[in-house]
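Count residues from 1 along the sequence. Just so it is clear, the model here is predicted, and its values are computed rather than measured.
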Amino acid sequence: MQTQLQFDNRFLAELPGDSESRNFVREVLGACYSRVQPTPVRDPKLVAVSSETANLLGIDSKDCASETFLQVLAGNKLLPGMDPFAMCYGGHQFGNWAGQLGDGRAINLGDVVTDRQKRYALQLKGAGPTPYSRTADGLAVLRSSLREFLCSEAMHHLGVPTTRALSLALTGEEVVRDILYDGHPQAEPGAIVCRVAPTFLRFGNFELLASRHEIKLLQDLADYTVKNHFPESGPIGKANTYIEWFQTVVQLTATMIVEWMRVGFVHGVMNTDNMSILGLTIDYGPYGWLENYDPNWTPNTTDAAGRRYRFGQQPAIAQWNLLQFANAIYPLVGEAKPLENALSEFASLYESGSQQMMADKLGLLEFESRDTALFDGLGKVLSLAETDMTLFYRGLAEVTQAMSPTARLNCLRDAFYDESELTDPVTNEISGWLNDYLERAAPDPFSDEQRRDRMNQVNPLYVLRNYRAQLAIDAAAEGDFASVTELLDVLRKPYTRQPDREEYAAKRPEWARHRVGCSMLSCSS
Ligand code: AMP
Ligand code: MG
């Protein structure tokens, strides 16, 4: 290997760990983590690497293909300086306090310090059991790992805050899963993703300590987090610093949700253990992308009854999660009012962020208060017939002032799933809205072409459509890894039309409408 990675594991150095070194399932008290070794696997194979993430870490591209690298990314080998551990955290799952959860199958290898003095934690997901595995096996299967690998990188290229993925490897072992939890367990290929982020700390790390009244440790963890990740919040130990920190977490979270809504991303499991303290999209499980616009849609069948984590509810859930986080750090502040004030800021931050985001999606110079009526009208228009959100905005960018009503509608035609839904009343309503829109856009200082180009910079053409991910999974399971690499390559330039890659932008085909993995996903992974 050419690459010499420098590790500095400050989480281990600065915070207390579990005194028990054996690896068995248990409650871990008075500690932020447990040291644990990845479980060796039989026959690892590299499926894909993200060259951008490798680059971020300063890993030589030739090394990505080396045997040493593969053994490290599959959990069979440690590099000098790595010191593996699993984090201890809790969380609210589907609205209920779940107690200790922790890294049940993710194992941190250590923090890489790059030449540019940036730090990134490397983490293997699916690398075997830890003290936090509860009743599960610590493993992950190809389909969910491939989805996590691709989506992390796709989100990055879209400009959405996210944890990153360095690699996807098969373990050569079989993992049994009952995909729909309906009594049909099957052996699936096991896999491991190497994830990368400045830290994997979640709201749940703080919540667990607060729930146990481990206030000294809570403060130590908060101080660690502020010192290393939010130094601008102020000196540690001061109530005001924790308030500033909370305000920043509120802002980062609001920004992340605005971005999810912009690109049509549904996380699927917004439990507080899946909320990054840095406002990064984390823990890609049964996520999905809106195809036909439907604010009530969730891909997660495990959440089908209450649809708690449906697309349109993500902002409200983020705020609810921030409330849980505020409750957790309350002992460090000692006063509820400033935290309440910061929390209530979420609504206005989200609203203003979302208004500007919608104005950008429509190519407007800036949001004006009268635009809320236009946005409401748009929500209605998108719901009249089954309409692909992604293709709609790309089509809308092509509509010009000079076009006839029919020509304008033709620009949008690709976005509709069923032409027969385009009855006269429907097309009249769409045309009416298009008129309002173009009238609103007219005084802005942009030509039709300039407006189109602006819109195409914020409205992606290529998103990780659920059925596309599934096709790549099917191919990879047959040993065809080129499909994964090709899809990753398409997703590198989500805003740019790529010749000969039209099919990657195509709306969901009929066969995928109800297929497991395409429109229906569960927490089984
Ligand atoms: P998730 O909903 O996937 O974020 O997971 C919730 C909790 O379950 C976390 O503590 C995970 O580490 C744990 N978990 C999920 N799947 C497994 C597994 N196969 N083995 C061990 N722990 C798991
Ligand atoms: Mg999780």
Will you find, in the side chains of [X] and [Y], an N or O donor that is under 3.5 Å from an N or O acceptor?
| X | Y | result |
| --- | --- | --- |
| T53 | Y120 | no |
| Y350 | Q314 | no |
| T298 | N300 | no |
| Q71 | E67 | yes |
| E153 | S50 | yes |

Considering all heavy atoms of both residues, which atom of [X] and which atom of [Y] are nearest to each other, and what is their separation?
| X | Y | result |
| --- | --- | --- |
| L362 | Y393 | CD2-CE2, 4.1 Å |
| Y33 | L15 | OH-O, 2.9 Å |
| V28 | R212 | O-NH1, 2.7 Å |
| Y242 | I329 | O-CD1, 4.1 Å |
| L209 | A31 | CD2-O, 4.5 Å |
| L46 | C64 | CD2-O, 3.3 Å |

Hey, are the side chains of [X] and [Y] touching, using non-hydrogen atoms and a 4.5 Å cut-off?
| X | Y | answer |
| --- | --- | --- |
| K493 | H157 | no |
| Y287 | L464 | yes |
| L323 | N327 | yes |
| V463 | P494 | no |
| Y309 | H267 | no |
| N274 | M270 | no |
| Q100 | C88 | yes |
| R119 | R10 | yes |

I'd like to know if the side chain of [X] and the backbone of [Y] have a donor-acceptor N/O pair within less than 3.5 Å.
| X | Y | result |
| --- | --- | --- |
| N9 | D111 | yes |
| T162 | L280 | no |
| T3 | D60 | yes |
| S145 | A140 | no |
| T39 | G128 | no |
| R454 | L364 | yes |
| N456 | D453 | no |
| R164 | H156 | no |
| T485 | F481 | yes |

- Task: State whether D283 and R195 are salt-bridged, where the test is any N-O pair (Lys NZ or Arg NE/NH1/NH2 against Asp/Glu carboxylate O) under 4.0 Å.
- Result: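 Judged by the 4.0 Å cut-off on N to carboxylate O distance, D283 and R195 do form a salt bridge.
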- Query: If you measure from the Lys or Arg side-chain nitrogens to the Asp or Glu carboxylate oxygens, is any gap between R26 and D18 under 4.0 Å?
  - Reply: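 Salt bridge: yes.
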- In terms of the angle between their ring planes, are F206 and F325 parallel, tilted or perpendicular, with boundaries placed at 30° and 60°?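 Plane angle over 60°, so perpendicular.
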- Task: Please work out which of the three classes, parallel, tilted or perpendicular, describes the rings of W289 and F265, given edges at 30° and 60°.
- Result: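 The arrangement is perpendicular - the two ring planes meet at more than 60°.
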- Neighbour count >12 (heavy atoms, 6.0 Å) for atom CD, E232: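 Above 12, so yes.
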- Query: For N296, does the CG atom sit with more than 12 other heavy atoms under 6.0 Å from it, leaving out its own atoms?
  - Reply: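 Atom CG in N296 is crowded, with more than 12 foreign heavy atoms closer than 6.0 Å.
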- Message: As a quick check of understanding, evaluate side chain to side chain donor-acceptor pair (under 3.5 Å) for Y284 and T163, giving each step before the final call.
- Response: CA-CA 10 Å; Y284 292 88; T163 62; 5.3 Å; no
- Please assess F230 against L278 for the test side-chain contact (heavy atoms from CB on, under 4.5 Å), listing each intermediate value before the final yes or no. CA-CA 9 Å; F230 297 86; L278 299 181; 3.9 Å; yes
- Task: Could you walk me through whether V47 and F149 pass the side-chain contact (heavy atoms from CB on, under 4.5 Å) test, one step at a time?
- Result: CA-CA 10 Å; V47 177; F149 172 79; over 6 Å; no
- Query: After noting the C-alpha distance and the side-chain angles of L124 and L109, does the key distance pass the side-chain contact (heavy atoms from CB on, under 4.5 Å) rule?
  - Reply: CA-CA 7 Å; L124 300 183; L109 298 174; 3.8 Å; yes
- Query: Do L166 and F69 pass the side-chain contact (heavy atoms from CB on, under 4.5 Å) test, and can you show the C-alpha distance, the side-chain angles, and the key distance before you say yes or no?
  - Reply: CA-CA 11 Å; L166 173 61; F69 189 73; 4.1 Å; yes
- Do the numbers put R308 on top of the ring of W320, so that NZ or CZ is under 6.0 Å from the six-membered ring centre and no more than 45° off the axis?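 Yes, cation above the ring, under 6.0 Å and within 45°.
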